[in-house]
There are 2 protein chains.
Amino acid sequence: MSPAHASASTSRREQILKEAARLFAERGFHGVGVDEIGAAVGISGPGLYRHFAGKDAMLAELLVGISERLLDGGRMRIAEGGESPEAVLDALLDGHIDFALDDRPLITVHDRELDRLREADRKRVRQLQRQYVELWVDVVRKVHPGASETQSRAAVHAVFGLLNSTPHLGRPGALPGRTEMAELLHRLALGAFRAVAAEPAAGA
Amino acid sequence: MSPAHASASTSRREQILKEAARLFAERGFHGVGVDEIGAAVGISGPGLYRHFAGKDAMLAELLVGISERLLDGGRMRIAEGGESPEAVLDALLDGHIDFALDDRPLITVHDRELDRLREADRKRVRQLQRQYVELWVDVVRKVHPGASETQSRAAVHAVFGLLNSTPHLGRPGALPGRTEMAELLHRLALGAFRAVAAEPAAGA
DNA sequence: CTTTCAGGTTAACGAGCACTAACCCGGCTG
DNA sequence: CAGCCGGGTTAGTGCTCGTTAACCTGAAAG
């Protein structure tokens, strides 16, 4: 229970979580075995049970952790409050983009394996997600007062899809580098939001 | 081998594929057993092996089928050729949006379970996807000549993420209805594309 | 020096699952 | 009527995988 012990054990836990996230993202929750996760951190198989109650617990901690980090980050950026709603939206975008570009495996697992959770954990994750979305909806509606709440919420979901699309990209260098990509995503998202309340000009 | 036999058998196959897609989307490829798929079409378990070589074969046929349908649809809309590149892009968008809204399970499975395929099938699917993307990239670059090819390709990927975001939406009616949603997605996508080559106005 | 204990190890168990084997039946075909 | 055969059925098999059990070790505590 000493601080030293706690931090050492914590780093081990986090190491395991990181590798688990990567493997889950690559092959899916059911597609990776505990032995693989263990091997990825240098111990083998059942050794993991000294740190986690089970495979499910790892996934739960991952998903809840991501959701909390996103929500906390969003709240922080809003609290810091830029001069204008536009500035706040920029901050939210940059925060989410950093996350999407730096923690691809987490993003992937986040909206892919939610249903594998126990009822309680899933409910908690969904609640956190919902709060995060509402954060964005409020800001978007300040920037674009013309849009209805329903439209704005759908737009926020869609823009999340846009921002989270990076994991699906092919590995080779056929795509922009990290900073260029961040700028591009930022612009695309703003462009989408700008169109949210525009008159339905396009022919459908 | 008679036509009557073939069409009857085909409808059975398609019924199985449809249910398999739904189940794979809901619980993941590894998360659903052959017994469940069988039960979903009224036969039980191993009866499926009269129609498919195995579970993998079902997934492969699903993914290849989706990719081919998308690509063929895209080629068709381009061949029909609207008067302007803008009209073609509109047609591509409407086609993809229809698909995303009507065949959610397929969309979900499409970018979620690709890695569970045998090497050959995976290669084929990726090739089809790549061709589909290039179709869009060409059109987008005609509409927005200012954008580099790299930027355009990244933007197309991102917009796919935007359009395919619908499966992640909560069930309740907190969201627009089907036609309203289609219009909204169309506008958002055009807004994003419009921003692809704009000067990096936003503060980053 | 002994005791404790965190953090490992290997062996085994039990469940689940894809797939196969063997059998069955009802409707065309000759 | 006989036989083929598409499309089912149930029982069983072998493998994978999560989890538990039992044991080990090295270092800090007393």
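Note that the coordinates shown come from a computational prediction; the quantities given were computed from them, not determined experimentally. Order of the sequence lines fixes the chain letters, A, B, ..., with proteins taken first and strands second; residue numbering starts at 1 for each chain.
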Practice item. Any pair with a residue in residues 155-166 of chain A that passes salt bridge (Lys or Arg N to Asp or Glu O under 4.0 Å), sequence neighbours left out, goes on the list, sorted by first then second residue, please. Key: none

Practice item. Determine: side-chain N/O of A:R12 to OP1/OP2 of C:dG8, distance under 4.0 Å, yes or no. Key: yes

Study note, to complete from the structure: In whole angstroms, the gap separating C1' of C:dC24 from CD1 of B:I43 amounts to 16 Å

Review point. Where the side chain of B:E183 meets the backbone of B:E180, is there a donor-acceptor pair that is under 3.5 Å apart?
Key: no

Look for any protein N or O under 3.5 Å of an N or O in nucleotides 23-26 of chain D and output each such pair with its distance, or none.
none

Point to revise | Pairing residues for B:R116 by the side-chain contact (heavy atoms from CB on, under 4.5 Å) criterion, not counting sequence neighbours | key: B:F29, B:H30, B:L59, B:E113

Practice item. Would you classify A:G33 as touching base, sugar-phosphate or nothing, given that sugar-phosphate means primed atoms plus P, OP1 and OP2, and contacts are heavy atoms under 4.0 Å? Key: sugar-phosphate

Check your understanding: Listed by chain and number, what are the side-chain hydrogen bond (donor to acceptor under 3.5 Å, both in side chains) partners of B:D111, not counting sequence neighbours?
Key -> none

Practice item. Rounded off to whole Å, could you give me the CD-to-C1' distance for the A:Q15 and C:dG7 pair? Key: 13 Å

Exercise for review: Decide whether A:H96 and A:N164 meet the rule of one side-chain donor and one side-chain acceptor closer than 3.5 Å.
Suggested key: yes

Check your understanding: Roughly, in whole Å, what's the span from OH in B:Y49 to C1' in D:dT9?
Key -> 15 Å

**Study point:** Those residues that, when tested against A:D98, pass salt bridge (Lys or Arg N to Asp or Glu O under 4.0 Å) (two or more places apart)
**Key:** A:R178

Study note, to complete from the structure: When rounded to whole Å, the NZ to P distance for the pair B:K55 and C:dG16 reads 15 Å

Practice item. Give A:G54 one of three labels, base, sugar-phosphate or nothing, depending on what nucleic acid heavy atoms sit under 4.0 Å from its own. Key: sugar-phosphate

Practice item. Remember a base hit wins even if backbone is also touched, and classify B:V32 as base, sugar-phosphate or nothing at under 4.0 Å, heavy atoms. Key: sugar-phosphate

Can you give me the N/O atom pairs linking the protein to nucleotides 11-16 of chain D at distances under 3.5 Å, or say none if there are none?
none

Practice item. Would you kindly compare A:A53 and A:G31 by the position of their nearest DNA chain D nucleotide and give the one closer to the 5′ end? Key: A:G31

**Study point:** Partner residues of A:E86 under the salt bridge (Lys or Arg N to Asp or Glu O under 4.0 Å) criterion, sequence neighbours left out
**Key:** none

Below 3.5 Å, can you tabulate the donor-acceptor pairs from side chains in residues 71-79 of chain B to any protein atom, sequence neighbours excluded?
unit_1	atom_1	unit_2	atom_2	d
B:R75	NH2	B:Q131	OE1	2.7

Review point. Atom CZ of B:R116 and atom C1' of C:dC17: how far apart are they, to the nearest Å?
Key: 17 Å

Check your understanding: How close or far is atom C1' of C:dG8 from atom CD1 of A:I37, stated in whole angstroms?
Key -> 17 Å

Exercise for review: Not counting sequence neighbours, which residues clear salt bridge (Lys or Arg N to Asp or Glu O under 4.0 Å) with A:R50? List them please.
Suggested key: none

Review point. In whole Å, what is the span from the CG atom of A:L48 to the C1' atom of C:dG7?
Key: 12 Å

Practice item. Can you tell me the distance, in whole Å, between the CZ atom of A:R13 and the P atom of C:dA6? Key: 14 Å

Review point. At under 4.0 Å, does any side-chain N or O of A:H51 touch on OP1 or OP2 of C:dG8?
Key: yes

